[in-house]
Amino acid sequence: MAIIGAVGPPCYSLLAWVGPPGGNRVMRWKVRGRAPTITEQAILAEAFRVLANRGITPPCFVYAVDQPDLNASAIGHTLYLHRDTYTSPYLLAILAHELGHYHTSDGRLALALHRLTFPGGWLMVSFTIRLTHVITSLLNPIMRLLDALSYIVLRVEIAVPTRIGQFTQYIFSLGLITLVGGRYCGYYAALA
């Protein structure tokens, strides 16, 4: 099981480079993509017609993401467009930009990076980090009592045990997040 966990994601990631087209099933589920509506399909058909006149071929798959941002991304052989992008006057520029990523190795690289993450790892990280928060909050009164006793006995104020606990929790969380793959910039702050 450990060998599969260690070797599986890198091998699955390499398939993004040399294997068949991808990025339209698992990634669609991850980003909560949906098929474009009839109106969105008509807008896309017109935009792709204009781009085809300039020699730019359309992607294999296009999905809509129900987020109100003006954003798009090319992952594997799939293009994801956020809801507000369809009505934007910059639609052609956004599509041309993303199709530039699509027709180079950028889309395959994005898919390979997404595939390096450990499946179910974020659920495990979230549970473990919350568990460490509970343990730390239970140990915090004991650490404060040790601080108070050290002050009474030694007449020296020591906050080291509390700081060591916080530091250990932070390093443990960052290590876990790094092991399952992914970004931890805002994730740890959201859980804290």
Side-chain angles (χ1 to χ4, degrees), residues 8-127 129 173-174 176-192:
C11 291
Y12 186 52
S13 176
L14 286 175
L15 282 176
W17 287 99
V18 296
N24 62 321
R25 293 207 172 100
V26 175
M27 284 308 301
R28 180 181 176 189
W29 176 76
K30 277 185 174 181
V31 298
R32 295 184 177 103
R34 61 166 173 79
T37 64
I38 295 172
T39 307
E40 291 168 342
Q41 287 176 0
I43 292 169
L44 281 176
E46 178 61 25
F48 285 138
R49 186 187 60 75
V50 170
L51 291 174
N53 290 339
R54 297 183 183 176
I56 302 173
T57 58
C60 297
F61 303 100
V62 178
Y63 293 111
V65 178
D66 283 326
Q67 292 182 1
D69 302 340
L70 188 62
N71 199 1
S73 59
I75 302 173
H77 293 273
T78 308
L79 183 66
Y80 295 96
L81 296 172
H82 287 220
R83 185 178 55 222
D84 288 351
T85 309
Y86 290 95
T87 57
S88 171
Y90 308 110
L91 176 65
L92 284 174
I94 292 169
L95 284 175
H97 174 88
E98 290 305 324
L99 288 174
H101 291 299
Y102 175 82
H103 291 295
T104 60
S105 62
D106 294 348
R108 289 179 291 156
L109 177 63
L111 180 62
L113 290 173
H114 278 283
R115 287 180 174 181
L116 274 178
T117 59
F118 181 72
W122 284 105
L123 181 63
M124 181 182 70
V125 166
S126 176
F127 173 76
I129 289 175
S173 301
L174 290 182
L176 257 176
I177 291 168
T178 303
L179 283 175
V180 298
R183 297 170 297 172
Y184 57 83
C185 300
Y187 190 78
Y188 181 77
L191 288 176

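Taking each heavy atom of Tyr102 and Cys60 in turn, the nearest pair found is OH-N, 3.0 Å. In terms of heavy atoms, Pro36 sits closest to Val62 at CD-O, 3.5 Å. Of all non-hydrogen atoms in Pro59 and Leu79, the two that sit nearest each other are CG-CB, 3.9 Å.
A salt bridge is defined here as a Lys NZ or Arg NE, NH1 or NH2 lying under 4.0 Å from an Asp or Glu carboxylate O, and Asp66 with Arg34 meets this definition.
Side-chain atoms of Glu40 come within 3.5 Å of backbone atoms of Thr37 as a donor-acceptor pair (strictly under, hydrogens ignored). Without hydrogens or angle criteria, His103 side chain to Thr57 main chain gives a donor-acceptor distance under 3.5 Å.
Atoms CG and OG1, on Leu44 and Thr39 in that order, are 11.0 Å from each other to the nearest 0.5 Å. For the atom pair OH of Tyr63 and CG of Leu81, the computed distance is 12.5 Å after rounding to the nearest 0.5 Å. Separation of atoms CD1 (Ile94) and CG (Leu99) is listed at 11.5 Å; rounding is to 0.5 Å. A distance of 11.0 Å separates CD1 in Ile75 from CG in Leu109, rounded to the nearest 0.5 Å.
Listed by first and then second residue, the side-chain hydrogen bond (donor to acceptor under 3.5 Å, both in side chains) pairs that reach into residues 84-98 are His97-His101, sequence neighbours excluded.
Side-chain contact between Arg83 and Pro68 is present, with heavy atoms from C-beta onward closer than 4.5 Å.
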